[in-house]
> 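Shown below is the structure under consideration.
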There are 2 protein chains.
Amino acid sequence: MSTRRATIADVARSAGVSPSTASVVFSGKTPVSDATRRRVMDAAATLGYSGPDPRAASLRRGRSGIVGVVFQGPLGTAFLDPVIRLMMDGLADAVAPIDAGLLLLREGVEGDSPGASLTTAPIDAAVLVGCTPGMADSLATLRARGIPVVVVEGDAGPDVPRVILDNREAQRSLASHLRSLGHTDVALVTLPTSGQSDPGWIDERRRHEITVDVTRHRLDGVRDVYPDAPAYAATASSIDAGLAAGRAILGDAQQRPTAVLAQSDLLAAGVLRAAAECGLTVPDDLSVTGFDGIDVDGLAPSLLTTMVQPATEKGRAAGEAVVAMLAERDAPSVCFSSVFREGNTTAPPLGS
Amino acid sequence: MSTRRATIADVARSAGVSPSTASVVFSGKTPVSDATRRRVMDAAATLGYSGPDPRAASLRRGRSGIVGVVFQGPLGTAFLDPVIRLMMDGLADAVAPIDAGLLLLREGVEGDSPGASLTTAPIDAAVLVGCTPGMADSLATLRARGIPVVVVEGDAGPDVPRVILDNREAQRSLASHLRSLGHTDVALVTLPTSGQSDPGWIDERRRHEITVDVTRHRLDGVRDVYPDAPAYAATASSIDAGLAAGRAILGDAQQRPTAVLAQSDLLAAGVLRAAAECGLTVPDDLSVTGFDGIDVDGLAPSLLTTMVQPATEKGRAAGEAVVAMLAERDAPSVCFSSVFREGNTTAPPLGS
DNA sequence: TTGTAAGCGTTATCAT
DNA sequence: ATGATAACGCTTACAA
C-alpha cells in the first residue's frame, strides 16, 4: 500500500487501458464499451480512486466550476436580508445545470487585502451583490483577471450585465396609491444610505451622499409624488431598525404623518410595531407600505401593502447571465418589474 | 497583442528573470531583491498579468484554498436560521487566516447525483452542518476523496471531529428552572423531527423516528425533568411554525399547560404570539422558554428566558478544526456549553 | 472504440 | 538571491 493517492494513470495501468480511456470513462465525453468501463471502474474501486482530481481537471480545462458571490459585510449579516436569501436560491438553481458551486466572497476590506480572496479565488465568474462602495475596486480586480462579472442591484458601467429592479417606478406606485387614498402628509423610512451610516433624518446634504442605488432610487420614487416628504434613514433592513425609525417619525403626536412608506417589508414591520406602541391603529390612524413582498416571519395577520419583487428570479437571472457568459454568449442586462399588492395596512386617512 | 493571457513564464522572460524567481515575487515565500521585484512587477503590469492562475497553483500545491460547507436544504432556507448565520460568520473568521473561501454545497439529492458537487468540488476540507439523513453518504463520499471533515451538531462517528452543544443538559436546565418555579403541567414545541416532517404531536412511535440529533437531545433534556410532557413537532424553526404549534398546544382552554418549552427562540416567539391570540398574559398566565439566545428581530420588549448558545463560537471552532486538520494537526471534538439567561417570559404558575 | 502525445501554469527542490 | 528542472494529475486533439 503506497502512501500516495492513486491517479487516473494508475487506474488506467491497472485496468490495462490508456489514460485517455480511463479519463473518458469518468467524464463520459465519449462512448466506451461496457467491458472497458467495467474494468476501469473495478480498477478504480480496488485502488480506492474516487474520480479525477478537480484541481488537475480544472487546470487542464481552464475552468474551476466555481462562481464567486461577492458581498460586502459579514456573511451572516448579508443573509439577514430575505431578499438576498431568495436571490441565492435562484442563483444556485440557475448555475446547477453547469454544475457550478457558489463561493462566498467578502469584498476587499479597506486599504490592504489580507485575505485577498478576490484576487486569488479560483472562480470562473462572479456575481456582485448590491451597489457597494468597494464595488469599483472589486470590479477592477475581477476585470484584470478576465473574469466575467454580473451585478445585482448595482451599476458597474455599460459593459457589465446587471440585474435590477424598477425601484423608482415601483416605489412611485406605492406613493401614488397613498395619494389616491387621499394622503397628503407622509414620511418615509429608507434603507441605509451608505455602507456605514447612522440612523437619522435625511437633509439636503445627506440627500446627496446616498451611495446605495436602491435607497436613492426608491427615495426618488417617493419624491416623484411627494417632493417634500421627510425621510428617515434606518441603519439596516430589519424590524428593529424600522421600529426605531417609526418611533422617531411617530413620536411627536402633534406632527404625525398619516402614512409611512418604508423601503423594505422588514422596516415596515418595525413601523407597524412603532404604531402599536403609539396607540395607533393601522390602517385607520396610519397607513404603512413596505417593499419586497416577502413573508415576514411572524407578521401575520397583518399583510403589508407592498411591491412584490421577484427576488428568486433576480438570482436566477444573474445565474443565467453567468452561464451565458461562460458559454461565450452575450448576457443582457435585465430589469425586473415589481408588482403592486394591496394588503391591509393602507386606507384613506382619518376624516377624509 | 496576442490572444492568450500572459503566464508567469511570459512575465519572467519579459523581466529577464527565471520563472521561479517571478513566482517567488508573487508568493513572497523567499526574499527577493527590490530591483528584481520591481522589474517583475513592471513586466507584469505591462503584460496585464494579474497574478498566478489559482487553478495551476492549486494543482501544484495540492490545495485549493476552499472549504466546503455542506447543507441539506435550499441555501436560502438554511440561512433562515439565525444560528446558522452566526455560525457562518465564525467559520469565515476562523478560516480567514489561511485565506480560505467557503463553498456552499448542497447535500446529494436523493438517488442520483446530477450536479455531483460533493464528488467533484475542489475543496480542501468540508464542514457538515447539522445531523441530516444524507450525512452518512456525504461522509462516505468525502472520506473516499480523503477530504478532512468536521461536523457541526451531528454525529459522524468517532473519527470525525465534531462541534456540538450540551443540548440535553441545557434544555434540562430550562426545564428545571420551570419546575423550580412550580410548574407541573408543561408542553414542548420541538424542532423538526426529520428532514421532511409534518407538524404534530409526538407519540411513542414518532418518538423513535427522530433522526435529528438536536431535536432528540433537547427533547430528552425536557423529559429528564418532565417525563410525560407532551411534545408538538414544528416543521421549521420559525415564528410562524411556533405560532402554529402554540395554537395547537394552547387552543383548548380546558387543558392548557402553564408553561411551554420551545426548542428554539424563533419557535418561542411564535408561542408568545399564540399566547397573545388566546388572551394569555406572559409570564403570568403562561411561561415560555426558548433556546439559542439570539436576538429575535422585532421581539423586544419581550426577552425570552432561554439558553444562550455560542453560535459564532461554534462556527469558529469548526473553522479552527479545519485549519488544524489542514496543518496535519489533530482536531479535537469540542462541546460548548449554553448559558442560562432569565428573561421576562417565565414566572411561577398562577395561584402558586 | 481505444491509444499517443502534448501540454494546462505553477511551484518545490536543489543547486549555484 | 537567483536559476534549472521536474513534477502536480488530468484532458483532448488526433491518429489508429
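Proteins get letters first, then strands, A, B, ... in listed order; numbering begins at 1 in each.
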> Return all side-chain donor-acceptor pairs below 3.5 angstrom for residues 310-327 of chain B, not counting sequence neighbours, or 'none' if the list is empty.
unit_1   : atom_1 : unit_2   : atom_2 : d
B:Glu313 : OE2    : B:Arg316 : NE     : 3.2
B:Lys314 : NZ     : B:Glu153 : OE2    : 3.1
B:Lys314 : NZ     : B:Gln309 : OE1    : 2.8
B:Arg316 : NH1    : B:Asp93  : OD2    : 2.9

> Please tabulate, for side-chain N and O atoms in residues 66-80 of chain A, each donor-acceptor pair with protein atoms closer than 3.5 Å (sequence neighbours left out).
none

> A:Ile8 has an atom CD1; how far is it from atom C1' of C:dG3, in whole Å?
14 Å

> Excluding sequence neighbours, so at least two apart, what forms salt bridge (charged side-chain N to carboxylate O under 4.0 Å, His left out) with A:Arg38?
none

> Name all pairs fulfilling the side-chain hydrogen bond (donor to acceptor under 3.5 Å, both in side chains) condition that reach into residues 17-32 of chain A, sequence neighbours left out, sorted by first residue then second.
A:Ser18-A:Ser20, A:Ser18-A:Thr21

> Separation of B:Arg5 atom CZ from C:dG9 atom P, in whole Å?
11 Å

> Checking A:Arg143 now: which residues fulfil salt bridge (charged side-chain N to carboxylate O under 4.0 Å, His left out) with it, not counting sequence neighbours?
none

> Please list, chain by chain and in numerical order, all residues satisfying salt bridge (charged side-chain N to carboxylate O under 4.0 Å, His left out) with B:Asp124, sequence neighbours excluded.
A:Arg55

> Suppose we screen for side chain to side chain contact (heavy atoms under 4.5 Å, CB included). Which residues come up paired with A:Thr211, at least two apart in sequence or across chains?
A:Ser194

> In whole angstrom, give the distance that lies between atom CZ of A:Arg13 and atom C1' of C:dG3.
15 Å

> Taking the side chain from B:Arg162 and the backbone from B:Gly154, do they hold a donor-acceptor pair closer than 3.5 Å?
yes

> Within the sub-3.5 Å range, which N or O atoms of nucleotides 4-7 of chain C have a protein N or O partner, and how far apart are they?
unit_1 : atom_1 : unit_2  : atom_2 : d
C:dT4  : O4     : A:Ser20 : OG     : 3.0
C:dG7  : N2     : A:Arg60 : NH1    : 3.1

> Quick one: list whatever passes salt bridge (charged side-chain N to carboxylate O under 4.0 Å, His left out) with B:Asp213, sequence neighbours left out.
B:Arg216

> Please enumerate all residues that pass side chain to side chain contact (heavy atoms under 4.5 Å, CB included) together with A:Arg145, with sequence neighbours excluded.
A:Ile147, B:Ser50, B:Pro54

> Walking along DNA chain D from 5' to 3', note the first and the last nucleotide with an atom under 4.0 Å from a heavy atom of chain A, and give both.
D:dG9 to D:dT12

> C:dT11 C1' sits how many Å from B:Arg61 CZ, rounded?
8 Å

> Of all of residues 23-36 of chain A, which get a heavy atom below 4.0 angstrom from DNA chain C, listed by number?
A:Thr30, A:Pro31, A:Val32, A:Ser33, A:Thr36

